[in-house]
Amino acid sequence: VQLQASGGGLVQAGDSLRLSCAASGRTFSTYYMGWFRQAPGKEREFAAVMSWGRGSTYYADSVKGRFTISRDNAKNMVYLQMNSLKPEDTAVYYCAARDSGGYLGRYTPTEVSQYDYWGQGTLVTVSS
């Protein structure tokens, strides 16, 4: 699976931005899809994940209520809608994929090590 993230840019605090991630692979619909971010000098951290199947979502507390993850399995795309952006949201954003192997049980991957594939990242800069 290859992932290509796009949509980053320079915005002002309070603005919105939508990131996109294009995925290759015929089994995209069975992958957990996540978004992570890495600010300068910090470790990569979890932002959001959407499961396959029911499409359940889970968010980091820092983005809950402001960010929304979605996916379009027909287009092999996953999105991250970011509203009410803050300067502390400034980071390189990465999309990531984990093969579910068909598992339908409750599982919420939020750690970097739980993902199999990564995109190249797209930079989001939020000015105050």
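Heads up: numbering here begins at 1 and tracks the sequence.
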Does anything in residues 69-82 pair up under salt bridge (charged side-chain N to carboxylate O under 4.0 Å, His left out), and if so which pairs, sequence neighbours excluded? none
Work out which heavy atom in Y115 is nearest to a heavy atom in E111; give both atom names and the distance. CD1-O, 3.3 Å
By side chain to side chain donor-acceptor pair (under 3.5 Å) - contacts of S62 (at least two apart): R37
Where do A5 and C95 come nearest, in terms of heavy atoms and distance? CB-SG, 4.1 Å
For L3 against C21, the heavy-atom pair lying closest together: CB-SG, 3.9 Å
Looking at S84, is its backbone amide N or carbonyl O close enough to the side chain of R66 to form a donor-acceptor pair, meaning the two atoms are under 3.5 Å apart? yes
Here the gap from N76 atom CG to Q4 atom CD, rounded to the nearest 0.5 Å, amounts to 14.0 Å
Over 12 foreign heavy atoms within 6.0 Å of OH, Y59: yes
Of all the heavy-atom pairs spanning P87 and S128, show the shortest one and how long it is. CG-CB, 3.8 Å
If you apply the rule side chain to side chain contact (heavy atoms under 4.5 Å, CB included), what do you find for L19 with T122, and how did you get there? CA-CA 8 Å; L19 305 182; T122 184; 4.0 Å; yes
Do R98 and Y31 form a cation-pi contact, if we require the NZ or CZ to be under 6.0 Å from the six-membered ring centre and within 45 degrees of the ring's axis? no
Hey, can you tell me if F46 and F36 have their rings parallel, tilted or perpendicular (30° and 60° cut-offs)? perpendicular
Presence of salt bridge, K64 and D61, under 4.0 angstrom: yes
What one should report as the nearest heavy-atom pair of S20 and M77 is CB-CE, 3.7 Å
Work out which heavy atom in L17 is nearest to a heavy atom in V11; give both atom names and the distance. CD1-CG1, 3.9 Å
CA sep, side-chain torsions, deciding dist, call: S100, W52, side-chain hydrogen bond (donor to acceptor under 3.5 Å, both in side chains): CA-CA 8 Å; S100 71; W52 73 290; 3.2 Å; yes
In short, side chain to side chain donor-acceptor pair (under 3.5 Å) pairs touching residues 6-16 with sequence neighbours left out are S16-N83
More than 12 heavy atoms from other groups under 6.0 Å of CD on E88: yes
Rounded to the nearest 0.5 Å, what separates atom CD in Q81 from atom CZ in F67? 9.5 Å
